[in-house]
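What you see is a predicted model, and the numbers here were worked out from it, not measured in a lab. Residue numbers start from 1 in every chain, and the chains themselves are labelled A, B, ... in the order their sequence lines are given, proteins ahead of strands.
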Number of protein chains: 2
Amino acid sequence: MRISVDIVLFGYRKSLQILLIRRKFEPFKGEWALPGGFVLEDESLEQAVLRELKEETGVEMALSRLEQIYTFGAVDRDPRERVISVAYIGLVNPDKFQLLADTDAADAQWFELVESPQLAFDHQEILDLAQKRLQGRLVYSPIGFDLLPEKFLFSEVEDLYQSILNIELDRRNFRKKFLGLGLLEETGERVSEGKGRPAMLYRFNKKVYEQLEKEKINLQLLG
Amino acid sequence: MRISVDIVLFGYRKSLQILLIRRKFEPFKGEWALPGGFVLEDESLEQAVLRELKEETGVEMALSRLEQIYTFGAVDRDPRERVISVAYIGLVNPDKFQLLADTDAADAQWFELVESPQLAFDHQEILDLAQKRLQGRLVYSPIGFDLLPEKFLFSEVEDLYQSILNIELDRRNFRKKFLGLGLLEETGERVSEGKGRPAMLYRFNKKVYEQLEKEKINLQLLG
DNA sequence: ACAAAAGTGTTTTCTATACACCCATGG
DNA sequence: CCATGGGTGTATAGAAAACACTTTTGT
(Lines give C-alpha, C1' and ligand atoms only; values in the text may rest on other atoms or scores of the structure.)
Protein backbone atom coordinates (compact mmCIF):
# COMPACT_ATOMS: atom_id res chain seq x y z
CA MET A 1 0.00 0.00 0.00
CA ARG A 2 1.42 3.34 -1.00
CA ILE A 3 0.55 6.94 -0.35
CA SER A 4 0.61 9.59 -2.98
CA VAL A 5 -0.35 13.23 -3.15
CA ASP A 6 -2.04 15.00 -6.03
CA ILE A 7 -2.38 18.71 -6.48
CA VAL A 8 -4.96 20.74 -8.27
CA LEU A 9 -3.07 23.94 -8.95
CA PHE A 10 -5.41 26.72 -9.92
CA GLY A 11 -4.31 29.80 -11.79
CA TYR A 12 -6.28 32.72 -13.11
CA ARG A 13 -5.71 34.53 -16.37
CA LYS A 14 -9.02 35.94 -17.65
CA SER A 15 -10.50 32.57 -16.76
CA LEU A 16 -9.79 29.81 -14.27
CA GLN A 17 -6.87 27.62 -15.29
CA ILE A 18 -5.40 24.37 -13.99
CA LEU A 19 -1.92 22.98 -14.32
CA LEU A 20 -1.67 19.49 -15.81
CA ILE A 21 1.20 17.22 -16.76
CA ARG A 22 1.47 14.66 -19.49
CA ARG A 23 2.52 11.33 -18.01
CA LYS A 24 5.90 10.02 -19.09
CA PHE A 25 5.42 6.49 -17.75
CA GLU A 26 2.82 3.76 -17.55
CA PRO A 27 0.09 3.53 -16.48
CA PHE A 28 -1.72 6.16 -18.51
CA LYS A 29 1.53 7.02 -20.32
CA GLY A 30 0.99 10.00 -22.59
CA GLU A 31 -2.23 11.07 -20.93
CA TRP A 32 -2.85 14.24 -18.96
CA ALA A 33 -2.98 14.05 -15.19
CA LEU A 34 -2.73 16.15 -12.07
CA PRO A 35 0.80 16.73 -10.82
CA GLY A 36 1.63 14.47 -7.88
CA GLY A 37 3.44 11.35 -6.82
CA PHE A 38 4.43 9.09 -3.99
CA VAL A 39 5.21 10.39 -0.53
CA LEU A 40 8.70 9.61 0.71
CA GLU A 41 9.36 8.09 4.13
CA ASP A 42 10.83 11.20 5.65
CA GLU A 43 8.77 14.02 4.22
CA SER A 44 5.41 15.44 5.20
CA LEU A 45 2.47 15.34 2.82
CA GLU A 46 2.87 19.03 2.05
CA GLN A 47 6.56 18.60 1.36
CA ALA A 48 5.72 15.81 -1.04
CA VAL A 49 3.29 18.07 -2.87
CA LEU A 50 5.82 20.86 -3.25
CA ARG A 51 8.58 18.48 -4.31
CA GLU A 52 6.47 16.74 -6.93
CA LEU A 53 5.14 20.01 -8.21
CA LYS A 54 8.64 21.34 -8.65
CA GLU A 55 9.93 18.13 -10.23
CA GLU A 56 7.05 17.75 -12.62
CA THR A 57 6.30 21.32 -13.58
CA GLY A 58 9.04 23.63 -12.31
CA VAL A 59 6.57 25.51 -10.14
CA GLU A 60 7.89 26.42 -6.69
CA MET A 61 5.09 27.65 -4.54
CA ALA A 62 4.70 28.57 -0.89
CA LEU A 63 3.51 26.01 1.63
CA SER A 64 0.99 28.44 3.07
CA ARG A 65 -1.12 28.49 -0.05
CA LEU A 66 -1.60 24.75 -0.09
CA GLU A 67 -4.78 23.30 1.26
CA GLN A 68 -5.66 19.66 1.75
CA ILE A 69 -9.08 18.82 0.40
CA TYR A 70 -9.72 15.10 0.52
CA THR A 71 -8.13 11.66 0.57
CA PHE A 72 -9.12 9.24 -2.14
CA GLY A 73 -8.88 5.65 -1.08
CA ALA A 74 -10.96 3.46 -3.39
CA VAL A 75 -9.39 0.02 -3.59
CA ASP A 76 -8.95 0.00 -7.36
CA ARG A 77 -8.18 3.63 -8.12
CA ASP A 78 -4.70 2.75 -9.35
CA PRO A 79 -4.35 -0.27 -11.67
CA ARG A 80 -0.86 -1.15 -10.41
CA GLU A 81 -1.38 -1.54 -6.71
CA ARG A 82 -3.29 -0.04 -3.81
CA VAL A 83 -2.57 3.68 -3.75
CA ILE A 84 -4.26 6.11 -1.43
CA SER A 85 -3.94 9.67 -2.54
CA VAL A 86 -4.21 12.85 -0.54
CA ALA A 87 -5.43 15.70 -2.73
CA TYR A 88 -4.44 19.33 -2.32
CA ILE A 89 -5.51 22.62 -3.81
CA GLY A 90 -3.00 25.33 -4.59
CA LEU A 91 -3.60 28.85 -5.86
CA VAL A 92 -1.06 30.83 -7.84
CA ASN A 93 -0.73 33.64 -10.28
CA PRO A 94 0.37 31.68 -13.35
CA ASP A 95 2.39 34.57 -14.75
CA LYS A 96 4.83 34.23 -11.89
CA PHE A 97 6.08 30.83 -12.98
CA GLN A 98 7.87 29.40 -15.94
CA LEU A 99 6.86 25.82 -16.61
CA LEU A 100 9.54 23.19 -16.99
CA ALA A 101 8.72 19.54 -17.45
CA ASP A 102 11.85 17.76 -16.46
CA THR A 103 12.05 14.70 -14.25
CA ASP A 104 8.86 12.67 -14.35
CA ALA A 105 6.57 14.50 -16.73
CA ALA A 106 6.73 14.68 -20.48
CA ASP A 107 5.03 18.03 -20.54
CA ALA A 108 3.38 20.52 -18.21
CA GLN A 109 0.78 22.98 -19.32
CA TRP A 110 -1.93 25.34 -18.12
CA PHE A 111 -5.42 24.54 -19.34
CA GLU A 112 -8.59 26.53 -19.08
CA LEU A 113 -10.60 24.60 -16.54
CA VAL A 114 -13.59 24.45 -18.85
CA GLU A 115 -11.46 22.99 -21.63
CA SER A 116 -9.42 20.53 -19.64
CA PRO A 117 -8.67 17.21 -21.38
CA GLN A 118 -9.56 13.76 -20.20
CA LEU A 119 -7.54 12.87 -17.13
CA ALA A 120 -5.78 9.72 -15.96
CA PHE A 121 -6.80 7.69 -12.88
CA ASP A 122 -9.65 9.25 -10.89
CA HIS A 123 -8.22 12.70 -11.42
CA GLN A 124 -11.40 14.07 -12.93
CA GLU A 125 -13.19 13.24 -9.71
CA ILE A 126 -10.46 14.99 -7.74
CA LEU A 127 -10.69 18.00 -10.02
CA ASP A 128 -14.46 18.20 -9.67
CA LEU A 129 -14.21 18.18 -5.91
CA ALA A 130 -11.42 20.74 -5.98
CA GLN A 131 -13.52 23.06 -8.06
CA LYS A 132 -16.43 22.78 -5.63
CA ARG A 133 -14.17 23.47 -2.69
CA LEU A 134 -12.60 26.43 -4.44
CA GLN A 135 -16.04 27.90 -5.03
CA GLY A 136 -17.00 27.30 -1.43
CA ARG A 137 -13.84 28.90 -0.10
CA LEU A 138 -14.06 31.89 -2.38
CA VAL A 139 -17.38 32.88 -0.93
CA TYR A 140 -16.17 32.83 2.65
CA SER A 141 -12.65 34.04 2.37
CA PRO A 142 -10.85 36.41 0.02
CA ILE A 143 -8.59 33.71 -1.35
CA GLY A 144 -8.89 35.15 -4.83
CA PHE A 145 -5.91 37.40 -4.22
CA ASP A 146 -3.56 34.43 -4.35
CA LEU A 147 -4.60 34.12 -7.97
CA LEU A 148 -4.01 37.73 -8.93
CA PRO A 149 -0.84 39.80 -9.35
CA GLU A 150 0.24 42.09 -6.53
CA LYS A 151 -1.56 45.04 -8.05
CA PHE A 152 -4.82 44.56 -9.84
CA LEU A 153 -7.93 46.29 -11.09
CA PHE A 154 -11.19 46.01 -9.27
CA SER A 155 -12.72 44.73 -12.47
CA GLU A 156 -10.31 41.80 -12.34
CA VAL A 157 -11.59 40.88 -8.89
CA GLU A 158 -15.11 41.11 -10.23
CA ASP A 159 -14.33 38.95 -13.26
CA LEU A 160 -12.55 36.43 -11.07
CA TYR A 161 -15.57 35.99 -8.82
CA GLN A 162 -17.94 35.77 -11.73
CA SER A 163 -15.83 33.28 -13.61
CA ILE A 164 -15.05 31.00 -10.67
CA LEU A 165 -18.57 31.01 -9.31
CA ASN A 166 -20.34 31.05 -12.68
CA ILE A 167 -22.62 33.83 -11.63
CA GLU A 168 -23.37 37.40 -12.65
CA LEU A 169 -22.82 40.10 -10.08
CA ASP A 170 -24.28 43.55 -9.80
CA ARG A 171 -21.20 45.74 -10.22
CA ARG A 172 -22.35 48.43 -7.85
CA ASN A 173 -23.41 46.14 -5.04
CA PHE A 174 -20.37 43.91 -5.31
CA ARG A 175 -18.03 46.87 -5.27
CA LYS A 176 -19.80 48.45 -2.33
CA LYS A 177 -19.67 45.28 -0.27
CA PHE A 178 -16.15 44.31 -1.17
CA LEU A 179 -14.56 47.71 -0.74
CA GLY A 180 -16.61 48.14 2.42
CA LEU A 181 -14.66 45.32 4.05
CA GLY A 182 -11.49 47.37 3.78
CA LEU A 183 -9.47 44.50 2.36
CA LEU A 184 -8.35 46.47 -0.64
CA GLU A 185 -6.17 49.52 -0.57
CA GLU A 186 -5.66 51.91 -3.44
CA THR A 187 -2.14 52.10 -4.76
CA GLY A 188 -2.82 55.56 -6.15
CA GLU A 189 -1.76 54.35 -9.59
CA ARG A 190 -4.17 54.27 -12.46
CA VAL A 191 -3.78 52.30 -15.62
CA SER A 192 -5.48 52.64 -18.93
CA GLU A 193 -6.34 49.35 -20.53
CA GLY A 194 -6.53 50.63 -24.08
CA LYS A 195 -10.11 51.78 -24.15
CA GLY A 196 -12.15 53.57 -21.57
CA ARG A 197 -11.47 55.50 -18.42
CA PRO A 198 -8.27 54.49 -16.61
CA ALA A 199 -8.88 52.33 -13.57
CA MET A 200 -7.44 52.40 -10.09
CA LEU A 201 -4.90 49.73 -9.19
CA TYR A 202 -5.59 48.05 -5.87
CA ARG A 203 -3.48 46.01 -3.52
CA PHE A 204 -4.70 43.36 -1.06
CA ASN A 205 -4.35 44.53 2.51
CA LYS A 206 -3.21 41.45 4.38
CA LYS A 207 -3.07 43.20 7.74
CA VAL A 208 -6.72 44.18 7.58
CA TYR A 209 -7.52 40.61 6.56
CA GLU A 210 -5.69 39.14 9.53
CA GLN A 211 -7.33 41.64 11.84
CA LEU A 212 -10.79 40.79 10.55
CA GLU A 213 -10.05 37.10 10.85
CA LYS A 214 -8.77 37.49 14.40
CA GLU A 215 -11.97 39.30 15.35
CA LYS A 216 -13.83 36.36 13.83
CA ILE A 217 -15.77 38.70 11.62
CA ASN A 218 -17.70 36.79 9.06
CA LEU A 219 -16.01 37.27 5.72
CA GLN A 220 -18.88 35.97 3.67
CA LEU A 221 -18.49 37.90 0.46
CA LEU A 222 -21.65 36.84 -1.25
CA GLY A 223 -25.15 36.03 -0.08
CA MET B 1 4.61 3.38 5.44
CA ARG B 2 1.17 2.44 6.67
CA ILE B 3 -2.28 3.94 6.47
CA SER B 4 -4.67 4.07 9.32
CA VAL B 5 -8.05 5.58 9.96
CA ASP B 6 -9.23 7.25 13.13
CA ILE B 7 -12.78 8.14 13.99
CA VAL B 8 -14.17 10.82 16.20
CA LEU B 9 -17.58 9.44 17.04
CA PHE B 10 -19.81 12.10 18.50
CA GLY B 11 -22.86 11.36 20.57
CA TYR B 12 -25.24 13.66 22.34
CA ARG B 13 -26.79 13.10 25.73
CA LYS B 14 -27.51 16.45 27.40
CA SER B 15 -24.03 17.43 26.29
CA LEU B 16 -21.69 16.50 23.46
CA GLN B 17 -19.94 13.17 24.00
CA ILE B 18 -17.12 11.30 22.28
CA LEU B 19 -16.35 7.64 22.17
CA LEU B 20 -12.83 6.67 23.29
CA ILE B 21 -11.02 3.40 23.75
CA ARG B 22 -8.31 2.44 26.16
CA ARG B 23 -5.35 1.01 24.27
CA LYS B 24 -4.54 -2.62 24.93
CA PHE B 25 -1.12 -2.61 23.26
CA GLU B 26 1.98 -0.48 22.97
CA PRO B 27 2.57 2.26 22.13
CA PHE B 28 0.51 4.27 24.59
CA LYS B 29 -0.75 1.05 26.19
CA GLY B 30 -3.41 1.82 28.78
CA GLU B 31 -4.02 5.35 27.51
CA TRP B 32 -7.19 6.67 25.94
CA ALA B 33 -7.33 7.13 22.19
CA LEU B 34 -9.71 7.53 19.30
CA PRO B 35 -11.00 4.28 17.82
CA GLY B 36 -9.18 3.38 14.62
CA GLY B 37 -6.52 1.20 13.08
CA PHE B 38 -4.73 0.12 9.96
CA VAL B 39 -6.45 -0.07 6.60
CA LEU B 40 -6.39 -3.52 5.00
CA GLU B 41 -5.31 -4.03 1.40
CA ASP B 42 -8.74 -4.85 0.08
CA GLU B 43 -11.03 -2.50 1.98
CA SER B 44 -11.94 1.12 1.43
CA LEU B 45 -11.14 3.74 4.02
CA GLU B 46 -14.76 3.88 5.13
CA GLN B 47 -14.92 0.11 5.48
CA ALA B 48 -11.81 0.25 7.63
CA VAL B 49 -13.46 2.83 9.87
CA LEU B 50 -16.59 0.75 10.33
CA ARG B 51 -14.63 -2.45 10.91
CA GLU B 52 -12.34 -0.92 13.50
CA LEU B 53 -15.20 0.80 15.22
CA LYS B 54 -17.05 -2.45 15.53
CA GLU B 55 -13.99 -4.41 16.65
CA GLU B 56 -12.91 -1.88 19.22
CA THR B 57 -16.18 -0.63 20.61
CA GLY B 58 -19.03 -2.81 19.36
CA VAL B 59 -20.67 0.12 17.60
CA GLU B 60 -22.10 -0.71 14.18
CA MET B 61 -23.02 2.47 12.39
CA ALA B 62 -24.15 3.35 8.88
CA LEU B 63 -21.67 4.34 6.23
CA SER B 64 -23.76 7.34 5.26
CA ARG B 65 -23.16 9.13 8.51
CA LEU B 66 -19.40 8.98 8.21
CA GLU B 67 -17.57 11.99 6.97
CA GLN B 68 -13.90 12.31 6.20
CA ILE B 69 -12.36 15.41 7.71
CA TYR B 70 -8.60 15.45 7.28
CA THR B 71 -5.52 13.33 6.76
CA PHE B 72 -2.74 13.63 9.28
CA GLY B 73 0.68 12.90 7.85
CA ALA B 74 3.36 14.36 10.08
CA VAL B 75 6.52 12.24 9.80
CA ASP B 76 6.78 11.46 13.51
CA ARG B 77 3.13 11.21 14.55
CA ASP B 78 3.53 7.51 15.38
CA PRO B 79 6.63 6.48 17.34
CA ARG B 80 6.77 3.01 15.72
CA GLU B 81 6.93 3.82 12.05
CA ARG B 82 5.54 6.21 9.50
CA VAL B 83 1.76 6.12 9.75
CA ILE B 84 -0.54 8.41 7.84
CA SER B 85 -4.00 8.58 9.27
CA VAL B 86 -7.25 9.57 7.63
CA ALA B 87 -9.64 11.01 10.20
CA TYR B 88 -13.41 10.66 10.10
CA ILE B 89 -16.33 12.10 12.00
CA GLY B 90 -19.35 10.03 12.87
CA LEU B 91 -22.58 11.07 14.55
CA VAL B 92 -24.78 8.72 16.51
CA ASN B 93 -27.36 8.62 19.21
CA PRO B 94 -25.34 6.90 21.94
CA ASP B 95 -28.40 5.29 23.50
CA LYS B 96 -28.74 3.11 20.43
CA PHE B 97 -25.54 1.20 21.05
CA GLN B 98 -24.18 -1.08 23.66
CA LEU B 99 -20.44 -0.75 24.05
CA LEU B 100 -18.26 -3.84 23.92
CA ALA B 101 -14.51 -3.67 24.04
CA ASP B 102 -13.35 -6.95 22.67
CA THR B 103 -10.60 -7.42 20.13
CA ASP B 104 -8.05 -4.61 20.26
CA ALA B 105 -9.26 -2.33 22.98
CA ALA B 106 -9.15 -2.82 26.72
CA ASP B 107 -12.13 -0.60 27.24
CA ALA B 108 -14.50 1.65 25.34
CA GLN B 109 -16.36 4.51 26.92
CA TRP B 110 -18.32 7.66 26.20
CA PHE B 111 -16.81 10.85 27.59
CA GLU B 112 -18.23 14.30 27.79
CA LEU B 113 -16.23 16.22 25.23
CA VAL B 114 -15.35 18.90 27.74
CA GLU B 115 -14.04 16.30 30.17
CA SER B 116 -12.16 14.08 27.78
CA PRO B 117 -8.90 12.62 29.12
CA GLN B 118 -5.45 13.04 27.67
CA LEU B 119 -5.21 11.21 24.37
CA ALA B 120 -2.53 9.08 22.72
CA PHE B 121 -0.64 10.04 19.55
CA ASP B 122 -1.84 13.31 17.98
CA HIS B 123 -5.44 12.42 18.76
CA GLN B 124 -6.12 15.62 20.65
CA GLU B 125 -5.28 17.54 17.49
CA ILE B 126 -7.63 15.35 15.50
CA LEU B 127 -10.35 15.84 18.08
CA ASP B 128 -9.93 19.61 18.08
CA LEU B 129 -10.28 19.72 14.31
CA ALA B 130 -13.27 17.40 14.42
CA GLN B 131 -15.01 19.66 16.88
CA LYS B 132 -14.44 22.68 14.67
CA ARG B 133 -15.78 20.85 11.65
CA LEU B 134 -18.80 19.64 13.56
CA GLN B 135 -19.59 23.20 14.56
CA GLY B 136 -19.18 24.37 11.00
CA ARG B 137 -21.41 21.66 9.61
CA LEU B 138 -24.10 22.15 12.20
CA VAL B 139 -24.64 25.71 11.10
CA TYR B 140 -25.17 24.82 7.45
CA SER B 141 -26.91 21.52 7.63
CA PRO B 142 -29.33 19.94 10.08
CA ILE B 143 -26.91 17.17 11.00
CA GLY B 144 -27.95 17.39 14.60
CA PHE B 145 -30.73 14.87 14.02
CA ASP B 146 -28.21 12.08 13.65
CA LEU B 147 -27.38 12.71 17.29
CA LEU B 148 -30.93 12.62 18.60
CA PRO B 149 -33.45 9.82 19.02
CA GLU B 150 -36.17 9.39 16.42
CA LYS B 151 -38.60 11.49 18.40
CA PHE B 152 -37.37 14.45 20.36
CA LEU B 153 -38.43 17.67 22.01
CA PHE B 154 -37.80 20.99 20.41
CA SER B 155 -35.97 22.01 23.55
CA GLU B 156 -33.52 19.17 22.90
CA VAL B 157 -32.74 20.59 19.47
CA GLU B 158 -32.25 23.96 21.07
CA ASP B 159 -29.96 22.57 23.78
CA LEU B 160 -28.00 20.61 21.21
CA TYR B 161 -27.27 23.71 19.13
CA GLN B 162 -26.36 25.74 22.16
CA SER B 163 -24.12 23.11 23.62
CA ILE B 164 -22.28 22.24 20.41
CA LEU B 165 -21.81 25.81 19.31
CA ASN B 166 -21.25 27.26 22.79
CA ILE B 167 -23.70 30.05 22.18
CA GLU B 168 -26.96 31.28 23.61
CA LEU B 169 -29.96 31.39 21.34
CA ASP B 170 -33.12 33.42 21.52
CA ARG B 171 -35.74 30.72 21.98
CA ARG B 172 -38.42 32.51 20.00
CA ASN B 173 -36.25 33.41 17.04
CA PHE B 174 -34.58 30.04 16.87
CA ARG B 175 -37.87 28.23 17.00
CA LYS B 176 -39.42 30.48 14.37
CA LYS B 177 -36.55 30.01 11.96
CA PHE B 178 -36.11 26.31 12.52
CA LEU B 179 -39.74 25.33 12.38
CA GLY B 180 -40.16 27.69 9.42
CA LEU B 181 -37.88 25.46 7.38
CA GLY B 182 -40.39 22.66 7.65
CA LEU B 183 -37.76 20.09 8.60
CA LEU B 184 -39.59 19.03 11.71
CA GLU B 185 -42.95 17.40 11.86
CA GLU B 186 -45.11 17.05 14.90
CA THR B 187 -45.75 13.50 16.00
CA GLY B 188 -48.89 14.57 17.81
CA GLU B 189 -47.54 13.05 21.01
CA ARG B 190 -46.77 15.15 24.01
CA VAL B 191 -44.57 14.20 26.90
CA SER B 192 -44.27 15.62 30.32
CA GLU B 193 -40.71 15.82 31.61
CA GLY B 194 -41.66 15.88 35.26
CA LYS B 195 -42.04 19.60 35.73
CA GLY B 196 -43.74 22.14 33.51
CA ARG B 197 -46.06 22.06 30.58
CA PRO B 198 -45.84 18.89 28.46
CA ALA B 199 -43.96 19.39 25.22
CA MET B 200 -44.62 18.27 21.66
CA LEU B 201 -42.52 15.43 20.31
CA TYR B 202 -41.08 16.12 16.87
CA ARG B 203 -39.67 13.92 14.16
CA PHE B 204 -37.10 14.92 11.52
CA ASN B 205 -38.67 15.09 8.07
CA LYS B 206 -36.04 13.64 5.79
CA LYS B 207 -38.11 14.08 2.65
CA VAL B 208 -38.44 17.80 3.18
CA TYR B 209 -34.72 17.94 3.84
CA GLU B 210 -33.87 16.17 0.61
CA GLN B 211 -36.28 18.38 -1.28
CA LEU B 212 -34.73 21.53 0.13
CA GLU B 213 -31.28 20.24 -0.64
CA LYS B 214 -32.23 19.39 -4.20
CA GLU B 215 -33.54 22.90 -4.70
CA LYS B 216 -30.20 24.13 -3.40
CA ILE B 217 -31.95 26.19 -0.81
CA ASN B 218 -29.51 27.61 1.65
CA LEU B 219 -29.89 25.70 4.88
CA GLN B 220 -27.95 28.12 6.99
CA LEU B 221 -29.55 27.70 10.34
CA LEU B 222 -27.84 30.49 12.19
CA GLY B 223 -26.68 33.95 11.19
C1' DA C 1 -50.86 28.89 44.51
C1' DC C 2 -46.48 28.46 42.80
C1' DA C 3 -42.66 26.63 40.37
C1' DA C 4 -41.15 25.03 36.03
C1' DA C 5 -40.87 24.47 31.35
C1' DA C 6 -43.61 25.24 26.84
C1' DG C 7 -45.42 28.13 23.64
C1' DT C 8 -46.30 32.41 21.07
C1' DG C 9 -46.06 38.03 17.90
C1' DT C 10 -44.65 42.44 17.05
C1' DT C 11 -41.42 46.10 16.33
C1' DT C 12 -36.98 47.67 14.95
C1' DT C 13 -32.78 47.39 12.60
C1' DC C 14 -29.84 45.92 9.26
C1' DT C 15 -28.59 43.90 5.07
C1' DA C 16 -29.45 42.52 0.37
C1' DT C 17 -31.17 43.79 -3.85
C1' DA C 18 -32.71 46.37 -7.67
C1' DC C 19 -31.78 49.89 -10.52
C1' DA C 20 -29.43 54.21 -14.25
C1' DC C 21 -26.61 57.81 -15.09
C1' DC C 22 -22.13 60.46 -15.42
C1' DC C 23 -16.85 60.25 -16.04
C1' DA C 24 -12.36 59.87 -18.29
C1' DT C 25 -9.88 58.37 -21.85
C1' DG C 26 -8.41 56.72 -26.83
C1' DG C 27 -9.32 56.67 -31.42
C1' DC D 1 -17.84 63.05 -30.95
C1' DC D 2 -18.40 58.44 -30.00
C1' DA D 3 -17.21 54.01 -28.17
C1' DT D 4 -15.41 51.80 -24.17
C1' DG D 5 -14.87 50.58 -19.68
C1' DG D 6 -14.75 53.00 -14.79
C1' DG D 7 -17.11 54.90 -11.14
C1' DT D 8 -21.02 56.25 -8.09
C1' DG D 9 -26.16 56.64 -4.70
C1' DT D 10 -30.78 55.77 -3.38
C1' DA D 11 -35.06 53.43 -2.51
C1' DT D 12 -37.31 49.02 -1.37
C1' DA D 13 -37.93 44.57 0.46
C1' DG D 14 -36.73 40.94 3.28
C1' DA D 15 -34.28 38.89 7.10
C1' DA D 16 -32.36 39.05 11.66
C1' DA D 17 -32.60 40.59 16.19
C1' DA D 18 -34.60 42.38 20.23
C1' DC D 19 -37.95 41.82 23.38
C1' DA D 20 -42.13 39.64 27.69
C1' DC D 21 -46.11 37.54 28.67
C1' DT D 22 -49.46 33.51 28.73
C1' DT D 23 -50.25 28.40 29.03
C1' DT D 24 -50.07 23.91 31.00
C1' DT D 25 -48.72 20.80 34.02
C1' DG D 26 -46.80 18.64 38.77
C1' DT D 27 -46.26 19.39 43.52
Partners of [X] by side-chain hydrogen bond (donor to acceptor under 3.5 Å, both in side chains), sequence neighbours excluded?
X        : value
B/Asn93  : none
A/Glu168 : none
A/Glu193 : none

Measure the distance from [atom1] on [X] to [atom2] on [N] and round it to the nearest whole Å.
X        : N      : atom1 : atom2 : result
B/Gln220 : C/dA16 : CD    : P     : 11 Å
A/Leu201 : D/dG6  : CG    : P     : 12 Å
B/Phe174 : C/dT8  : CZ    : P     : 15 Å
A/Arg175 : C/dC23 : CZ    : C1'   : 13 Å
A/Leu169 : C/dC19 : CG    : C1'   : 16 Å
A/Ile167 : C/dA16 : CD1   : C1'   : 14 Å
B/Phe178 : C/dG7  : CZ    : C1'   : 17 Å
B/Phe154 : D/dT24 : CZ    : P     : 20 Å

C/dG7 phosphate, OP1 or OP2, under 4.0 Å from B/Arg190 side-chain N/O: yes

Any side-chain N or O of B/Lys177 under 4.0 Å from OP1/OP2 of D/dA15? no

Contact list (N/O, under 3.5 angstrom) for nucleotides 25-27 of chain D vs protein:
from   : atom 1 : to       : atom 2 : distance (Å)
D/dG26 : O4'    : B/Gly194 : O      : 3.4

Salt bridge (charged side-chain N to carboxylate O under 4.0 Å, His left out) with B/Glu213: which residues, sequence neighbours excluded? none

Shorter than 3.5 Å, N or O on both sides, protein versus nucleotides 9-11 of chain D: list them out with atom names.
from   : atom 1 : to       : atom 2 : distance (Å)
D/dT10 : O4     : A/Lys176 : NZ     : 2.8

Are B/Ser163 and B/Ser15 close enough that a side-chain donor and a side-chain acceptor fall under 3.5 Å? no

Does any donor atom in the side chain of B/Glu158 or B/Gln162 lie under 3.5 Å from an acceptor atom in the other side chain?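 The criterion, which ignores hydrogens and geometry beyond distance, is not satisfied for B/Gln162 and B/Glu158.
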
Quiz question: going by heavy-atom distance under 3.5 Å, is there a donor-acceptor pair between the base of C/dG7 and the side chain of B/Arg171?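 Side chain to base: pair present.
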
Applying salt bridge (charged side-chain N to carboxylate O under 4.0 Å, His left out) as the test, list every pair that has at least one member in residues 148-157 of chain B; sequence neighbours left out. B/Glu150-B/Arg203, B/Lys151-B/Glu189

Please collect all side-chain hydrogen bond (donor to acceptor under 3.5 Å, both in side chains) contacts where either partner lies in residues 131-141 of chain A, sequence neighbours excluded, each pair once. A/Glu67-A/Arg137, A/Ser141-A/Tyr209

Residue list, ring-ring contact (aromatic ring centres under 6.0 Å, His included) with A/Phe121, at least two apart or on another chain: A/Phe28, A/His123

